[in-house]
Amino acid sequence: QVQLMESGGGLVQAGGSLRLACQGSGRTFENNAMGWFRQPPGKERELVAAISWNGRYAFYNDSVKGRFTISRDRMQNTLSLQMSRLKPEDTAVYYCASSPEGGDFGLPALPNEFDIWGQGTQVTVSS
């Protein structure tokens with residue numbers, strides 16, 4: 001069974017940090033671009049960050065630039081999101097996702113460009 005599983009969410013005070021992890025299983029994701037999305041309550045899902053298959057290219061939503069860092073370990077089949085200086089507006093369910101594309105010719109950015117999703121992990125930032 002091919003799946004992605006997130007971990008690392010929780011409750012943190014504004015200004016704090018969290019590190020999200022996504023473990024792939026069932027097959028390797030080493031040749032796939034991957035991304036982190038989030039969905040705040042009552043809002044649409046949005047791309048937070050994406051990374052190409054080899055880690056050479058990365059994209060960040062303007063709202064998280066300079067605060068979040070996406071990384072991957074192809075050997076371990078994992079994807080991470082280091083989140084620092086968290087704000088209440090970062091509160092959301094965070095999802096990791098894999099794209100059929102590698103991302104060499106442009107990183108995927110829309111939800112429909114990703115075909116495998118994790119179940120999500122809740123991040124709550126208190127003010």
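Worth knowing before you read on, the calculation uses all heavy atoms, side chains too, and leaves out hydrogens, waters and symmetry mates.
Separation of atoms CD (E46) and CD (E44) is listed at 10.0 Å; rounding is to 0.5 Å. Atom-to-atom distance recorded for L79:CG and N32:CG is 11.5 Å, nearest 0.5 angstrom. Rounded to the nearest 0.5 angstrom, D73 CG and E30 CD are separated by 11.0 Å. A distance of 11.0 Å separates CG of L81 from OG1 of T121, quoted to the nearest 0.5 Å. Note that the OG1 atom of T69 and the CE atom of M83 stand 11.0 Å from one another [nearest 0.5 Å].
Residue pairs satisfying the disulfide bond (SG atoms under 2.5 Å apart) criterion with at least one member in residues 15-115, sequence neighbours excluded, are listed as follows: C22-C96. The salt bridge (charged side-chain N to carboxylate O under 4.0 Å, His left out) contacts involving residues 11-22 comprise nothing, where partners must be two or more places apart or lie in separate chains.
Under the 3.5 Å distance criterion, the side-chain polar atoms of S80 are left unmatched by any main-chain donor or acceptor of S71. At distances below 3.5 Å, not a single donor-acceptor pair connects side-chain atoms of S52 with backbone N or O atoms of G102. Side-chain N or O atoms of E6 include one that pairs as donor or acceptor with a backbone N or O of G120 at under 3.5 Å.
With hydrogens and angles left out, the side-chain atoms of Q122 and T124 include a donor and acceptor closer than 3.5 Å.
Pairing each heavy atom of R74 with each of N54, the nearest pair is CD-CA, 4.2 Å. When all heavy atoms of F114 and S99 are compared, the closest pair comes out as CD2-N, 3.7 Å. The two residues S126 and L11 have their closest heavy-atom pair at CB-CD1, 4.3 Å. Across all their heavy atoms, F29 and S98 have their closest contact at CD2-OG, 3.2 Å. Summarising the geometry of A14 relative to P88, their closest heavy-atom pair is CB-CD, 4.1 Å, with the distance given to 0.1 Å. Residues G66 and R85 approach most closely at O-NH2, 2.5 Å, considering heavy atoms.
Taken together through direct or relayed side-chain contacts under 4.5 Å among Ile, Leu, Val, Met, Phe, Trp and Tyr, V64 and I51 form part of one hydrophobic cluster. When hydrophobic clusters are built by joining Ile, Leu, Val, Met, Phe, Trp and Tyr residues whose side-chain heavy atoms come closer than 4.5 Å, directly or via intermediates, Y57 is grouped together with F37. When the side chains of ILVMFWY residues are joined at heavy-atom separations under 4.5 Å, either directly or via intervening members, L47 and Y94 end up in two distinct hydrophobic clusters. There is no path of hydrophobic side-chain contacts, each under 4.5 Å, that joins W117 to M34. In terms of hydrophobic clustering, with Ile, Leu, Val, Met, Phe, Trp and Tyr side chains grouped at heavy-atom distances under 4.5 Å, L107 and W53 are assigned to different clusters.
Side chains of L18 and F68 form no contact here, defined as non-hydrogen atoms less than 4.5 Å apart.
Considering only residues two or more places apart in sequence or on other chains, K65 meets the salt bridge (Lys or Arg N to Asp or Glu O under 4.0 Å) condition with D62. With sequence neighbours excluded, no residue forms a ring-ring contact (aromatic ring centres under 6.0 Å, His included) with Y95. With sequence neighbours excluded, the residues forming a salt bridge (Lys or Arg N to Asp or Glu O under 4.0 Å) with R67 are D90, listed by chain and number. Applying the side chain to side chain contact (heavy atoms under 4.5 Å, CB included) criterion to S63, with sequence neighbours excluded, gives R38, N61.
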Residue pair Q23, N77: steps toward the side-chain contact (heavy atoms from CB on, under 4.5 Å) verdict: CA-CA 6 Å; Q23 179 67 58; N77 222 18; 3.9 Å; yes

